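Written out below as structure tokens is the structure these notes cover.
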Amino acid sequence: MNRRSITYMFLGGLLLLLAIKTNAQNALNKVTEAKITSVMKKMTLEEKIAMLHGNALFSSEGVKRFGIPEVSCDDGPLGIRDEVLRFDWKSAGWTTDSATFFPNGSAIAATWNPLMAFKYGITLGKEANARKKTVMLSPAFNICRMPLCGRTYEYYSEDPYLNSQLAIQSVRGIQSQHVAACIKHFAANNQELDRSEVNTIVDSRTLNEIYFPAFKAAVQEGNAWSIMSAYNKINGYWCSENDFLLNKTLKDKWGFKGVVISDWGGVHSTVAAAKSGLDIEMGSGGPYENWYFANPLLAAVKSGEVSESIINDKVRRILRMIYRTALSDNHPVGSIATKANSKAAYEIAAESVVLLKNDQNLLPLKKETIKSIAVIGDNATRTFAQGGFGAGVKAKYEITALAGIKSRFGKVADVKFAQGYQANYSAGDKDRESKNYNEPNQNLIDEAVALAKTTDVAILCIGSNREYESEGNDRKNLTLPFGEQALVNAVSAVNKNVIIVIMAGAPYDLNEIEKSNHTIVWSWFNGSEAGNVLADVLTGVVNPSGKLPFTFPASLQDSPAFALNTYPSQNLTANYSEGVLVGYRWYDTKKIKPIYNFGYGLSYTTFSYKNLKVIKKSGKQAIVNITLTNIGKRAGAEVVQVYVKQEKPTVERPEKELKAFKKVYLKSGESKVITLSLNQASFSYFDEKKNDWVADSGKYDILVGSSSADIRSSKSIVL
Ligand code: BGC
């Protein structure tokens, strides 16, 4: 039997399995739908309405007499949050709700590895089961339109394709554990300033090309069972009562069969919201019977303003979700804060760290020659699982940078700590902006300098923290806070082996550091294992392979929302006038040089790209082949990125757009032919007139590289 027939047999087998699985799934779906029909026939209108709104902070009603449990949900992106009281945000005081703290959203995105998003999802799903939650309010992947957005750390990226690939896998991972993922926040919720009032004006091409793709992919390819409507308005209508968004796009066009859950307190009406596709109203405080989707909705049905068929559709969706989760067969028991879950957090974190600069090859540190280390900076001893307004995690443990470095170096080097700066900032403090939180603390700087003078290496742990980057607040500027630059300058003047480690979840102004320092590592809010991972990166046990999921602009003024003066919003209107030119699409098209480009990140090894072949396939499709070789001395991973540029577009198109990528692990000296596929979608733009995607015939450049700016090889094809 030749190789081709073996391949065909294998593929045939796979298709047969798929067909059997699909048939079994269809049969199961039929059984479930029949069960739902039978339950619904016996339900009263009051029982149905009770299912459509919260009955406590994180739950909505089931139907006890039929054994249908409450829908029990919980945040959120960083891991499962600690249990709060049923009717109050205060801690419930449990001793069994310690959990795994996962790397933040932009850290997961920096892995550029959908498998890591899948790993995150599975593990989060397990932890949700251990806490008996049926819906995880995660993942969150609003586009990073504007670098100051307070929730950038929770979200993934500025690029819709990278966003989509990660979102699909996070959802699949969570739901593989019979827990519903609630993808959020739908849609165009890209700033925290005025988030509950702002009206986002955005054209349909931009929605379809930039703000919708990850949601669409998570629904159609990830099969997400629930989605959260955002706080803001889109084109004049609240997202929770937006017929275009929820009915026409999500449910009709994309075929979403799941549940639309409002963001907490994000509902503004009864009839409009009910008719526009919202299924469950959630919020923060009672009396629950007065909520829009409680007594007022019951009255609206009785008066005929809202038909019962609309209510039935919502109830059916909710029951479907309950049968897929809490009432599913073989429901897993789950596990929380176990060693295996920590291992998953470690593995994700290990792929997320981005090496920004290493131009004197100080890293990886040579353990044999280092006898003393100064670890400097408030962030070296700070934990990031909690803080600010965003959902936090009661981490079972969190290894700080200092603890990680001590555990890896304690026996061979003398490790000493100096605080270096004071992080006097609280997200909840209304007067926070009038306080001098950016003033350097000279005493702390002097102490740090005195220490750094005596050591072989100084590791400066700076950046922000969970108070400074927070839900509900956008940052005011890109400046590193707390007088950190003064500390960096002072320490760098007395020690030539300074390593800058930045813990943060969003872009900052690194102009000065990039100019004056030689060694820069970006380490995110990297979860329970952050300190161990950092130390393993510094010693070379882990070879960094993270790539930036967003651009670091050289100045705020360079970024589209600022260049076009559309942030802060005027009269509560955020005009997305940059259109599809978000992130690198803007910087590249406008030829603005950022500090760090989208997709950028170094390794301790180097890779060569050779023999690019672009093979045209039938229709508007192509296969990209490139030979990647690890030409350095260490094993490592590279993210091969494929960008597409249309040569003579008939409409304005970005300079180039990411359309495929693959993370590849290679031993030193190893070579692999990497194959990536481009399909019609890779060449298409959204044509507003046709209200559809169009792929023009003509010439396209296929650009293959290591970042959006570091294109190693390119070829043109005519479609
Ligand atoms: C946030 C959501 C979160 C919800 C419940 C809202 O303020 O926007 O992301 O899931 O609170 O905690």
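In what follows, residues are counted from 1 in the order of the sequence shown. Counting starts at 1 for both ligands and their atoms, following the listed order. Just so you know, these numbers come straight off a predicted model, no measurement behind them.
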Show me, pair by pair, the donor-acceptor contacts under 3.5 angstrom made by side chains of residues 170-181, not counting sequence neighbours?
from: Ser170; atom 1: OG; to: Tyr156; atom 2: OH; distance (Å): 2.7
from: Ser170; atom 1: OG; to: Leu166; atom 2: O; distance (Å): 3.1
from: Arg172; atom 1: NE; to: Glu221; atom 2: O; distance (Å): 3.2
from: Arg172; atom 1: NH2; to: Glu221; atom 2: O; distance (Å): 2.9
from: Gln175; atom 1: OE1; to: Ala181; atom 2: N; distance (Å): 3.2
from: Gln175; atom 1: OE1; to: Trp225; atom 2: N; distance (Å): 2.8
from: Gln175; atom 1: NE2; to: Asn223; atom 2: O; distance (Å): 2.9
from: Ser176; atom 1: OG; to: Gly173; atom 2: O; distance (Å): 2.6
from: His178; atom 1: ND1; to: Ser328; atom 2: OG; distance (Å): 2.6

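Listed by chain and number, Phe58, Asp75, Arg81, Trp89, Leu137, Arg151, Lys184, His185, Arg195, Met228, Tyr231, Asp263, Trp264, Glu471 each place a non-hydrogen atom less than 4.0 angstrom from ligand 1.
In this structure Ala427 satisfies the side-chain contact (heavy atoms from CB on, under 4.5 Å) test together with Phe389, Glu467, Ser470, Asn473, sequence neighbours excluded. The side-chain contact (heavy atoms from CB on, under 4.5 Å) test applied to Ser569 returns Gln191, Asp194, Val198, Ala574, not counting sequence neighbours.
Note that NE2 of His53 is 7.5 Å distant from CG of Asn295, once rounded to the nearest 0.5 Å.
For the pair Pro147/Leu556, a side-chain contact is recorded, criterion being any heavy-atom separation below 4.5 Å from C-beta on.
Salt bridge annotation for Glu70-Lys132: absent, with no cationic side-chain nitrogen under 4.0 angstrom from a carboxylate oxygen.
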